[in-house]
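Reviewing the structure listed below.
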Amino acid sequence: MNTERRLLSRRTVLTTMGALTVAGSIVAATEASAAAANINPSSPKQVIKGFGAMTHAAWIGDLTSAQRDTAFGTGDGKLGFSLLRIPVGENQADWSRDLATAQRAVALGATVFASPWNPPASMTETFTRGGQTNAKRLKAGSYGAYAQHLNDFTTHLKNNGVNLYAISVQNEPDYATDWTWWTSAEMVTFLKQNAGSIGTRVMAPESFQYVKSMSDPILNDAAALANVDIIGAHLYGTPYANFSYPLFKQKGAGKELWMTEVYYPNSTDAGDSWPGALDVAEHIHHAMVDAEFQAYVWWYLRRSYGPMREDGQISKRGAMMAHFARFVRPGYVRVDATANPASNVFVSAYRSGDTVVIVAVNKNTSSVSQQFTLANTTASGSVANWLTDAGRNVAPQTAFVMANGSLTVVLPARSAMTFVTSVSGTPSSSPSVSASPSITPTAGSGPRVAYTMSTWSSGFTATISITNTGTSTIDGWRLVFTLPSGQAVTSGWSATYTPATGQVSATNVSYNGTLAPGATVDIGFQATHTGNTAEPTTFTLNGLPCTVV
């Protein structure tokens, strides 16, 4: 039995078990209208990093050129993915297998991150774990060498035009019959002693089922937490009741929370199965609203049960993802919204500047009249919208009209819809901040900055991570850097950027101005260039020179 079949046979049992717990039956609506879905564009939640999937050329073959454009393009008939996950091969000879797809994803504005299944064989040993006599683990004396292995992979990608956003310590360390096991204690030790030397963001633990006992020890160990940037999790069979993570909210300030692998609800139904594909839209809804994940990443990008069919066209499951991915772009912020205004109706909302995106899913067997009200605005105007039902995939529809911040539409039976509108004149989800932030520098310790670019022919996006490496809390911050000639900021998120060219100041917004010792905040912007894609070389935070990594 090949690797994929082993994985699927085991995961299908787990996913099905979860589905029995969390998936309600789809019933006919008992009323023609629902309670209003109230949306507050001035009540920000998490910053969205994107939606995407994994390619693994060694196991299933690479995408074609056309399939790459379908996956990462944002127009009609495209998936609009902004995240790509690739494997970290244990052998350096395999490191370029997924490079062509990664390069094209970057060219189309996507972010790339990577996960390893195994360290190099020379770094592992076998041991007995329960009934498994050939279980594999990293040798205690090889932790430093393994960190260098991950660093070397990061450098290889960078030398080939792909700046990894993050690299994981291990894929599913708690479900590793076919790869390398890690205990939570081993993970904490590696993070504390070795992860600080890795030259990009570090992700851990990628538990197969969002098992909190794998990630709690990281959050509870200050030294380990300081060396991890993203808490990653998989959702195989995880019931919705386990989606929230209070400990992360308590101790994860400045860290990111990503869902980095799943297929849902199973791998046995075709990706075009309908109305079963609506389960995917509901799953994404709960991942965004209940779990407050910043990223949602599918397993194989192209597969019979995945978002892209084997013929390269998007499936119904892919259409469900596209309702989010094409319109909720990196840097958008989820805002407060009535999540469940009627039985089997699910609503989430997102904002970037004056643009508000609403995704509504109706799993009922009859249509529902749904009102959307936008708080603190009397804006009126056109509302673009797209529909997926039994016969259509993310199909553009005739524009609706919003009046005085209110819109009422009929959600067709068993459908997903995305609405995009403008709320010019409403209070910003990133309110103004103090004009003169201050910081008390800590002797011998400067803030740390990581700057990552994803470029294409005439533009780029840049993500900046700012880490407070001192022992004092920063209360209000301003990051100053100089953009190389020909570069100009067109939009940004999680900070206020002025001016657009030359020496740029990025000033905190209301919800991220406090940086505790060891905490990290991520900001970013989109910009144009005229051929010069160099990176800024120096940064200061409130006048204090930063260490650039």
Shortest non-hydrogen contact from Pro44 to Ser42?
CD-O, 3.3 Å

What residues form a side chain to side chain contact (heavy atoms under 4.5 Å, CB included) with Ala450, not counting sequence neighbours?
Ser465, Val549

Would you call the rings of Trp117 and His56 parallel, tilted or perpendicular if under 30° counts as parallel and over 60° as perpendicular?
perpendicular

Audit row: Thr388, Met320, side chain to side chain contact (heavy atoms under 4.5 Å, CB included) steps and yes/no
CA-CA 8 Å; Thr388 296; Met320 296 301 100; 3.3 Å; yes

Parallel, tilted or perpendicular, judged at 30° and 60°: which one describes the rings of Trp59 and Trp299?
perpendicular

For Phe72, what residues pass the ring pair (Phe, Tyr, Trp, His ring centres under 6.0 Å) criterion, not counting sequence neighbours?
none

Start with the C-alpha gap between Leu387 and Ser415, add the side-chain angles, then the distance that decides, and say whether side chain to side chain contact (heavy atoms under 4.5 Å, CB included) holds.
CA-CA 7 Å; Leu387 168 68; Ser415 69; 3.7 Å; yes

Report the residues that fulfil side chain to side chain contact (heavy atoms under 4.5 Å, CB included) with Ser207, sequence neighbours left out, ordered by chain and then residue number.
Asp174, Val211, Met214

Tyr236 side chain near Glu172 side chain, heavy-atom distance below 4.5 Å
yes

Contacts of Ala204 that satisfy side chain to side chain contact (heavy atoms under 4.5 Å, CB included) - sequence neighbours left out
Val169, Met187, Leu191, Ile218, Val228

Who passes salt bridge (charged side-chain N to carboxylate O under 4.0 Å, His left out) against Arg329, sequence neighbours left out?
none

Donor-acceptor under 3.5 Å (Thr463 side chain, Gly524 main chain):
no

Quick check for you: to the nearest 0.5 Å, what is the distance between Leu301 atom CG and Leu83 atom CG?
11.0 Å

Lys/Arg cation over aromatic Tyr245: Lys212, 6.0 Å, 45° cone
yes

Least distance between heavy atoms, Ala166 atom then Ile230 atom
CB-CD1, 3.6 Å

Can you tell me how the ring of Trp258 sits relative to the ring of Phe113, calling it parallel under 30°, perpendicular over 60° and tilted otherwise?
perpendicular

Residue pairs passing the salt bridge (charged side-chain N to carboxylate O under 4.0 Å, His left out) test with at least one member in residues 57-66, sequence neighbours excluded, are Asp62-Arg68

Rounded to the nearest 0.5 Å, the CG atom of Leu407 sits from the CG atom of Leu374 at a distance of 8.5 Å

By salt bridge (charged side-chain N to carboxylate O under 4.0 Å, His left out), which residues pair with Asp269, not counting sequence neighbours?
none

pair Phe346-Ile284: side-chain heavy atoms closer than 4.5 Å
no

Could you report the tightest heavy-atom contact between Phe81 and Ala53, atom names first, then the distance?
CE1-CB, 3.8 Å

Solution key, residues 288-297 side-chain donor-acceptor pairs under 3.5 Å, sequence neighbours excluded:
residue	atom	partner	partner atom	Å
Asp290	OD2	His286	ND1	2.6
Glu292	OE2	Lys249	NZ	2.5
Gln294	OE1	Leu257	N	3.0
Gln294	NE2	Val47	O	3.0
Tyr296	OH	His283	ND1	2.7

Can you tell me how far apart CH2 (Trp274) and CG (Asn393) are? Round to the nearest 0.5 Å.
8.0 Å

Please report the C-alpha distance between Asn163 and Lys158 in whole Å, then the side-chain angles of each, then the deciding distance to 0.1 Å, and finally whether the side chain to side chain contact (heavy atoms under 4.5 Å, CB included) criterion is met.
CA-CA 5 Å; Asn163 290 327; Lys158 186 173 184 178; 3.1 Å; yes

Would you mind reporting whether Val383 and Phe372 have side-chain heavy atoms less than 4.5 Å apart?
no

Sequence neighbours left out, what passes salt bridge (charged side-chain N to carboxylate O under 4.0 Å, His left out) with Lys316? Give chain and number order.
none

In terms of relative ring orientation, are Tyr263 and Tyr305 parallel, tilted or perpendicular, with 30° and 60° separating the classes?
perpendicular

Side chains of Thr180 and Asn118: any donor to acceptor distance under 3.5 Å?
yes

Using a 4.5 Å cut-off on heavy atoms from C-beta on, say whether the side chain of Thr200 contacts that of Phe153.
no

Less than 4.5 Å apart, side chain to side chain, heavy atoms only: is that true for Leu150 and Pro116?
yes

So, taking the atom named CG in Leu79 and the one named CE in Met321, what distance separates them when rounded to the nearest 0.5 Å?
7.5 Å

What one should report as the nearest heavy-atom pair of Ile314 and Gly77 is CG2-O, 3.7 Å

Nearest heavy-atom pair of Ser343 and Asn364: which atoms, and what distance?
O-ND2, 2.8 Å

I'd like to know whether Lys78 forms a salt bridge (Lys or Arg N to Asp or Glu O under 4.0 Å) with Asp69, so could you lay out the CA-CA distance, the side-chain angles of the two residues, the decisive distance to 0.1 Å, and finally the verdict.
CA-CA 8 Å; Lys78 312 294 186 184; Asp69 288 354; over 6 Å; no

Residues in salt bridge (charged side-chain N to carboxylate O under 4.0 Å, His left out) contact with Arg309, at least two apart in sequence or another chain
Asp272, Asp311

To the nearest 0.5 angstrom, please state how far the CD atom of Glu310 sits from the CZ atom of Arg302.
5.0 Å

Arg85/Asp98 ion pair, N-O < 4.0 Å:
no

Pairwise side-chain contact, His323 with Val361, heavy-atom cut-off 4.5 Å (strictly under):
no

State, with a plain yes or no, whether a side-chain heavy atom of Gln209 is found less than 4.5 Å away from one of Asn242.
no

Evaluation steps, side chain to side chain contact (heavy atoms under 4.5 Å, CB included), between Leu157 and Leu99
CA-CA 8 Å; Leu157 268 289; Leu99 185 58; 3.8 Å; yes

Might you point out which heavy atoms bring Asn385 and Ala399 nearest each other, and give the distance in Å?
ND2-CA, 3.8 Å

Please list all pairs passing the side-chain hydrogen bond (donor to acceptor under 3.5 Å, both in side chains) test where one or both residues lie in residues 330-341, with sequence neighbours left out.
Gln46-Arg334

Could you tell me which residues satisfy side chain to side chain contact (heavy atoms under 4.5 Å, CB included) with Thr408, sequence neighbours excluded, listed by chain and number?
Ser369, Gln371

So how far is it from Thr55 OG1 to Leu63 CG, rounded to the nearest 0.5 Å?
5.5 Å

Would you mind reporting whether Ile48 and Phe324 have side-chain heavy atoms less than 4.5 Å apart?
no

State whether Tyr165 and Arg201 meet the cation-pi test: NZ (Lys) or CZ (Arg) under 6.0 Å from the six-membered ring centroid, and within 45° of the perpendicular axis.
yes

